[in-house]
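Notes to accompany the following structure.
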Amino acid sequence: MPLKIVQTAALLEVVHSAVGLVRSPVLITAMQVASRIWILWGVVVAVPSTTKQSLYLFRLVGMWPTN
């Protein structure tokens with residue numbers, strides 16, 4: 001559950017970009033955050049067995065920084 005909270009809170013990245021707190025394009029930031037949330041809520045919630053094996057969870061979390 002903490003992973004869901006933290007990754008969903010990443011929506012603040014888009015807000016920060018939109019109000020000018022960071023110098024990153026809003027559209028690019030929104031696409032990156034949306035892809036992370038899609039993977040988290042669309043895959044992990046739909047197929048809970050992906051988190052039961054630590055190798056899959058490690059790969060899932062490990063690919064987010066490469067977005």
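Being a predicted model, the structure only gives us computed values, none of them experimental.
- Residues L21 and V15 have side chains not in contact (no heavy-atom distance under 4.5 Å, counting atoms from C-beta outward).
- In this structure, S17 contributes its side chain and T29 its backbone to no donor-acceptor pair below 3.5 Å.
- Neither V26 nor L12 shares a network with the other; the hydrophobic side chains, linked directly or stepwise wherever heavy atoms of I, L, V, M, F, W or Y lie under 4.5 Å apart, form separate groups for each.
- Here the CD-CZ distance, from E13 to R36, works out to 5.0 Å after rounding to the nearest 0.5 Å.
- Note that CG of L27 is 5.0 Å distant from CE of M31, once rounded to the nearest 0.5 Å.
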